[in-house]
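One-based numbering, in listed order, for ligands and for the atoms of each.
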Amino acid sequence: MPGSHPGSDPAVTPGVTPGALPRYAFLGPAGTFTEAALRQVVSPDDAEYLPQVDVVSALEAVRIGTADYAVVPIENSVEGGVTATLDTLATGDSLVVLGEALVQVEFVLAGRAGTRLDHVERVSTHPHAWAQCRRWFNANLPAAVHVPATSTAAAAALLARTPAAADPGFDAVLVAPLSAERYGLEVLARHVADNESAVTRFVVVGRPGDLPAPTGADKTSLVVHLASNDAGALLEMLEQFAARGVNLSRIESRPIGDLLGRYSFSIDAEGHIAEERVAEALMGLHRACPYVRFLGSYPRADRAVTEVRPGTADLDFAAARDWVEAQRRRPE
Ligand SMILES: O=C(O)C(=O)Cc1ccccc1
């Protein structure tokens with residue numbers, strides 16, 4: 001992915017000091033799955049890695065300018081959306097998604113040397129990691145309870161630095177195999193994920209500026225509010241996409257927070273705002289919905305080329321516009 005978003009060239013990116021290494025905030029410490037995603041985006045030789053305690057801090061670092069970019073988890077194939085990321089992108093000063101990365105997540109249960117698996121009662125990890133291993137715990141350690149940590153690696157780091165005679169508040173951690181190794185922990189059980197092929201999607205976020213160029217395999221991320229809770233309001237919003245042949249790869253609702261029953265929709269649409277059908281769908285949303293936040297158009301990590309339905313290519317829109325113009329000019 002290096003080179004595929006504006007942030008990969010500090011010389012041309014607004015707000016990034018030419019010559020200095022671009023600064024990437026991420027959910028740390030070293031050894032998180034987020035760091036694995038960041039390594040796919042930019043090598044540590046070409047960037048300054050700035051570990052943050054949580055997703056909100058990573059995104060805020062970009063807003064206040066102490067980082068140029070942030071890499072944060074946004075959804076995983078088991079638990080769905082990462083609400084802290086969705087909510088922080090949906091409100092506050094505008095941020096944009098510049099790219100994405102996919103990481104296959106694999107978990108091990110790890111502890112201090114000599115820990116017995118059948119003595120593990122308290123397991124510390126990130127809530128998304130715990131959620132992805134529930135069935136394994138039900139089957140193998142049904143009495144184990146979850147002790148939430150800010151990240152998988154934060155749990156490992158705390159266990160590793162707590163003196164042997166002291167109690168860190170848990171007996172074992174659920175982490176990536178590399179993280180167990182990095183913090184010198186002993187692996188107590190491998191392959192503890194309920195779904196071996198679980199994938200987490202991460203986004204590269206920056207301040208609004210240049211858009212990544214369209215590649216033909218892009219996504220556009222949006223936040224949309226509905227005009228009302230009336231029957232038909234959701235359908236009217238979805239029609240803006242359907243009528244232009246724009247497929248959605250993700251749509252989820254989050255409470256707006258002011259009143260019960262008011263929701264904000266977080267949407268990923270296939271295509272780039274530079275494409276006519278996506279631009280037309282956005283214009284339709286702008287007319288039909290009280291609030292639309294554009295969160296960026298960027299290349300898909302899987303490089304899956306967008307299928308363009310017949311009649312919805314840029315040329316079709318241009319021909320249709322020319323035809324309307326010709327009718328307007330036609331003498332009475
Ligand atoms: O805690 C981590 O290592 C993270 O990067 C967050 C996370 C947790 C579980 C699955 C994917 C990402």
Protein heavy atom at shortest distance from atom 9 (C) of ligand 1 = Ala129 N, 3.7 Å
query = Are any non-hydrogen side-chain atoms of Val120 and Leu188 less than 4.5 angstrom apart?
reply = yes
request  = Name the closest protein heavy atom to atom 2 (C) of ligand 1, giving the residue it belongs to and the distance to 0.1 Å.
outcome  = Thr152 OG1, 3.2 Å
message = Can you list, by chain and residue number, the hydrophobic cluster partners of Trp323 when the side-chain cut-off is 4.5 Å?
response = Val324
ask   = Any N or O on His126 sitting closer than 3.5 Å to an N or O of ligand 1?
value = no
inquiry  = I'd like to check whether Phe107 has a polar contact with ligand 1, where a contact means an N/O of the residue lying under 3.5 Å from an N/O of the ligand.
reply    = no
ask   = If we only count heavy atoms from C-beta on, is the Phe137 to Val123 side-chain gap below 4.5 Å?
value = yes
ask   = For the residue pair Phe107 and Phe33, is the inter-centroid distance of their aromatic rings smaller than 6.0 Å?
value = yes
ask   = Is Leu27 touching ligand 1 with its side chain, its backbone, both, or neither, if touching means heavy atoms under 4.0 Å apart?
value = side chain
ask   = Side-chain heavy atoms under 4.5 angstrom apart, residues restricted to Ile, Leu, Val, Met, Phe, Trp, Tyr: same cluster for Leu27 and Val97?
value = yes
remark   = atom 10 (C) of ligand 1 sits nearest the protein heavy atom Gln132 NE2, 3.8 Å
ask   = Please state which protein non-hydrogen atom is closest to atom 11 (C) of ligand 1 and give its distance, to 0.1 Å?
value = Thr200 OG1, 3.4 Å
ask   = Below 4.0 angstrom, N of the basic side chain to O of the carboxylate: do Glu60 and Arg63 qualify?
value = yes
message = I'd like to check which ligand 1 atoms, numbered from 1 as shown, lie under 4.0 Å from a non-hydrogen atom of Thr32.
response = 2 (C), 3 (O), 5 (O)
message = With a 4.0 Å cut-off on N to O distance, would you call Glu106 and Arg190 a salt bridge?
response = no
key: Numbering as shown, the atoms of ligand 1 that approach Thr34 to under 4.0 Å (heavy-atom distance)   = 4 (C), 5 (O)
